[in-house]
Amino acid sequence: MEGPLTPAQADTLRRLRGDGPALTFDPELRADLREQLETRLQPWTDLLPDPKFARGAKPLWAGKTPLGRVLTCEAHHVAESARPFLWSLASVRGTVAHKAIELSLHRTDRPSPLELVDAAFERLEADGTSAGAFLGELDASERAELRSDVNNVVIDFLDQFPPLQPRRAWRAATELRLTADICGGRVTLQGKVDLALGAPVGSEAGRVFIELKTGATRSQHVDDLRYYALLETLKVGVPPRRLAVHSLDRGQLATFEVDEDVLRSAVMRTVDGVARLVQLHLGLRSPEVVPNPVCSWCCARDTCEGSTRWADTDPDAL
């Protein structure tokens with residue numbers, strides 16, 4: 001039997017549900033958005049080889065990360081793309097936490113947070129991925145530190161969200177992948193939603209997309225969610241009703257509504273980002289340098305003029 005909700009859980013539930021009726025969307029919206037994307041991108045994507053006919057050709061991948069990087073600073077995107085990805089305790093922390101939260105939603109035996117964390121370690125180490133291999137190479141102290149950190153994240157989630165596992169109507173899904181092939185398969189748009197709740201009813205929006213963060217909410221998190229809303233519309237024809245970013249360690253939930261203006265704005269952002277990716281991928285121009293807060297952790301900060309310019313703007317940045 002479910003117990004009463006804490007004030008934090010009740011507030012989360014209220015804000016995720018929102019006020020007012022859900023929007024109903026035109027069934028033709030899906031086709032309209034795709035046409036906008038493909039028409040605006042065609043001058044650039046026509047320059048890419050067609051994977052269906054060109055041997056060895058692959059679609060240009062436009063996931064959340066490359067889009068966000070290239071729109072922030074093209075030089076940063078090029079530098080990071082050339083560097084092989086290496087796991088760290090900080091980066092693998094989110095992966096383990098998301099796996100533990102996923103297990104909390106789907107296991108029926110109500111395990112403790114620490115049992116969920118240990119099960120997440122076990123599942124990731126058994127799946128043969130690079131994250132699991134990294135976890136398997138940690139020494140005892142590193143593993144204990146990571147285990148403690150992730151346990152705190154899981155406790156924060158369970159304390160701040162209403163129990164989701166017993167409620168079938170929630171239709172809770174974690175790590176929900178969204179993919180759209182556009183421009184004749186020359187470009188693949190892709191995203192992954194941390195937590196999705198609910199479902200559309202006909203043409204009426206009814207789903208909520210939630211990003212779970214362990215730090216402060218940034219504007220890029222909202223851009224990412226709007227991108228996911230666009231992909232969801234291209235996939236099922238109806239966008240999510242609401243978008244949310246939840247900072248677990250701060251206990252802060254920010255919610256955003258979705259309408260056609262939001263989706264069309266996401267189209268323009270995606271067109272801008274994909275066009276830049278194509279141009280840089282084909283070497284049509286040199287990457288633009290845009291000094292910004294990312295300079296503080298960019299892998300090219302020691303040699304890039306942007307880092308120097310950013311440090312001159314904000315002496316505490318580097």
Side-chain angles (χ1 to χ4, degrees), residues 1-2 4-5 8-38 64 98 101-108 157-158 160-182 188-213 221-246 253-270:
M1 180 180 294
E2 297 177 51
L5 300 180
Q9 291 172 327
D11 183 61
T12 298
L13 179 60
R14 176 186 62 80
R15 298 188 65 187
L16 291 178
R17 283 177 170 167
D19 300 319
L23 294 179
T24 298
F25 291 85
D26 188 332
E28 298 301 317
L29 178 62
R30 177 191 190 190
D32 184 27
L33 294 175
R34 177 178 286 275
E35 182 180 7
Q36 282 191 53
L37 277 168
E38 296 186 333
K64 172 189 79 171
H98 282 109
I101 289 171
E102 176 186 343
L103 294 173
S104 78
L105 299 181
H106 299 291
R107 283 184 53 167
T108 59
F157 174 81
L158 296 176
Q160 295 165 34
F161 270 74
L164 301 177
Q165 188 273 335
R167 298 172 180 258
R168 292 185 179 180
W170 281 111
R171 289 187 59 175
T174 53
E175 305 290 311
L176 179 66
R177 291 187 179 274
L178 301 168
T179 302
D181 295 318
I182 63 171
T188 295
L189 307 177
Q190 194 170 82
K192 185 168 63 175
V193 184
D194 289 344
L195 177 61
L197 303 175
V201 180
S203 295
E204 180 181 292
R207 183 165 282 156
V208 181
F209 282 174
I210 306 163
E211 284 287 273
L212 302 173
K213 302 298 178 184
H221 298 153
V222 183
D223 289 334
D224 292 341
L225 280 165
R226 289 172 174 166
Y227 175 61
Y228 298 159
L230 172 61
L231 295 183
E232 173 80 347
T233 311
L234 294 175
K235 179 180 178 181
V236 302
V238 185
R241 175 176 181 173
R242 187 166 290 108
L243 310 172
V245 183
H246 191 87
L253 177 70
T255 60
F256 310 89
E257 304 302 308
V258 181
D259 58 20
E260 283 197 29
D261 288 341
V262 167
L263 296 172
R264 297 190 190 282
S265 175
V267 167
M268 298 308 297
R269 177 180 181 269
T270 303

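Each residue takes its place number in the sequence, starting with 1.
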Inset, instruction - Search all heavy atoms of Gln9 against all heavy atoms of Pro163 and return the closest pair with its distance. - result: NE2-CD, 4.3 Å

Legend entry - Smallest separation among heavy atoms of Arg242 and Thr255, with atom names: CD-CB, 4.0 Å

Inset, instruction - Heavy atoms only: give me the nearest Val258-Pro239 pair and the separation to one decimal. - result: CG1-CB, 3.8 Å

Inset, instruction - Quickly, which of Ile210, Leu5, Leu253 forms a side chain to side chain contact (heavy atoms under 4.5 Å, CB included) with Thr12? Name it, please. - result: Leu253

Inset, instruction - Kindly give the heavy-atom pair with the smallest separation between Gln190 and Tyr227, and that separation in Å. - result: N-OH, 3.1 Å

Legend entry - Rounded distance (nearest 0.5 Å) linking atom CD of Glu38 with atom CG of Leu33: 11.5 Å

Legend entry - CZ on Arg14 to CG on Asp19, rounded to 0.5 Å: 7.0 Å

Legend entry - Rounded distance (nearest 0.5 Å) linking atom CG of Leu225 with atom CG of Asp223: 9.5 Å

Legend entry - Straight-line distance of Leu212 CG to Phe161 CZ, nearest 0.5 Å: 5.5 Å

Legend entry - Under 3.5 Å side-chain donor-acceptor pair for Glu211 and His246: no

Inset, instruction - Write down the atom of Ala180, the atom of Leu231, and the distance for their closest heavy-atom approach. - result: CB-CD2, 4.2 Å

Inset, instruction - Could you pull out the closest heavy-atom pair between Arg207 and Gly198, with the gap in Å? - result: NE-O, 3.1 Å

